[in-house]
Amino acid sequence: GAVVSQHPSWVICKSGTSVKIECRSLDFQATTMFWYRQFPKQSLMLMATSNEGSKATYEQGVEKDKFLINHASLTLSTLTVTSAHPEDSSFYICSARDRGPYEQYFGPGTRLTVT
Amino acid sequence: QKEVEQNSGPLSVPEGAIASLNCTYSDRGSQSFFWYRQYSGKSPELIMSIYSNGDKEDGRFTAQLNKASQYVSLLIRDSQPSDSATYLCAARRMDSSYKLIFGSGTRLLVRP
């Protein structure tokens, strides 16, 4: 149980374009989903917290107009990187929390490369 | 001071030995703690969660929590080369956000 999927697993896009990443909880309903970014050899950086049906809460320093998050259902959250630039190239990982347990389960991540 | 601190390592142990990974946290209000394993290029995988003082065992893994000392540890018995990874300690804040605060991770190398 507690499986989280992400799509795509990797994506290459041109500077200035937008990219959408999907995060799905496959066998449970995720009341809360989290989006992280990780640069090489660095730890996870929380970008935002999203609760189903409400606006995402962004961490300090994360541009909400650049990183659009939608959590339309209890099993799906999306992150859209708008007007991507090479410095947005990173490993984006989502996690999901089940209703009851406190554990967060991570998706496999999406590697974004902006050329 | 970081909220969750870990020694970056690398911690090098021979195959079959016990690996001991340590973590301290600064927020006394934290109640839930987690250990994640992350292989290079992959996302974190939950290994253990611990909420109460004392030890919690699961197979070759034992998590230990001491809230008075604000200290969490993970013991890996009979370490295998496949255990070589970065181990992330995380604390959950006692608020409605359910956010996890991660340490920077300890890199473990198990020598064959």
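Lettering of chains follows the sequences in order, A, B, ..., and the numbering in each one begins at 1. Treat the numbers as computed from the prediction; the structure is a model and nothing was measured.
In the hydrophobic clustering of ILVMFWY residues, with side-chain heavy atoms under 4.5 Å counting as a link, B:Y25 and B:Y87 come out together. Cluster membership check: A:V62 does not share its hydrophobic cluster with A:L44, using side-chain heavy-atom separations under 4.5 Å among Ile, Leu, Val, Met, Phe, Trp and Tyr. A:Y58 is connected to A:W35 through a chain of hydrophobic side-chain contacts under 4.5 Å among Ile, Leu, Val, Met, Phe, Trp and Tyr, so both are in one cluster. One hydrophobic cluster, built from ILVMFWY side chains closer than 4.5 Å, holds both B:V72 and B:L11.
A side-chain contact (heavy atoms from CB on, under 4.5 Å) with A:S43 is found for exactly one of B:T86, B:V4, B:L88, namely B:L88.
Of the listed residues (B:S49, B:A90, B:S40), the greatest number of heavy-atom pairs within a distance under 4.5 Å of chain A belongs to B:S49.
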(request) Check the pair B:F102, A:Y36 against ring-ring contact (aromatic ring centres under 6.0 Å, His included), reporting the backbone distance first and the verdict last. (result) CA-CA 11 Å; B:F102 282 90; A:Y36 295 85; 5.8 Å; yes
(message) Is there a side-chain contact (heavy atoms from CB on, under 4.5 Å) between B:L46 and A:Q104? Walk through the geometry before answering.
(response) CA-CA 8 Å; B:L46 179 65; A:Q104 282 186 30; over 6 Å; no
(request) Report the C-alpha separation of A:F106 and B:E45 in whole Å, then their side-chain angles, then the decisive distance to 0.1 Å, and conclude whether the side-chain contact (heavy atoms from CB on, under 4.5 Å) test is met. (result) CA-CA 7 Å; A:F106 283 85; B:E45 172 192 9; over 6 Å; no
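By the 6.0 Å contact criterion, NE2 on A:H85 is enclosed, its count of non-hydrogen atoms from other residues, nucleotides or ligands being greater than 12. For B:K56, the NZ atom counts as densely surrounded, since its 6.0 Å shell holds more than 12 non-hydrogen atoms of other residues, nucleotides or ligands. The neighbour count for B:K42 NZ, taken as heavy atoms of other residues, nucleotides or ligands under 6.0 Å away, does not exceed 12. Heavy atoms of other residues, nucleotides or ligands lying less than 6.0 angstrom from NZ of A:K20 number 12 at most.
Residue contact with chain B, scored on non-hydrogen atoms closer than 4.5 Å, involves the side chain of A:Q38 exclusively. With a threshold of 4.5 angstrom between heavy atoms, B:Q38 approaches chain A through side-chain atoms but not through N, CA, C or O.
One distance of note links OG of A:S95 with OH of B:Y98; it measures 14.0 Å at 0.5 Å rounding. A distance of 7.0 Å separates NZ in A:K41 from CZ in B:R107, rounded to the nearest 0.5 Å. The CG atom of B:L100 sits 9.0 Å away from atom CG of A:L46, with the distance rounded to the nearest 0.5 Å. Between A:T32 atom OG1 and B:K99 atom NZ the span is 12.0 Å, to the nearest 0.5 Å.
In this structure a side-chain-to-backbone donor-acceptor pair under 3.5 Å is missing from B:S43 to A:I93.
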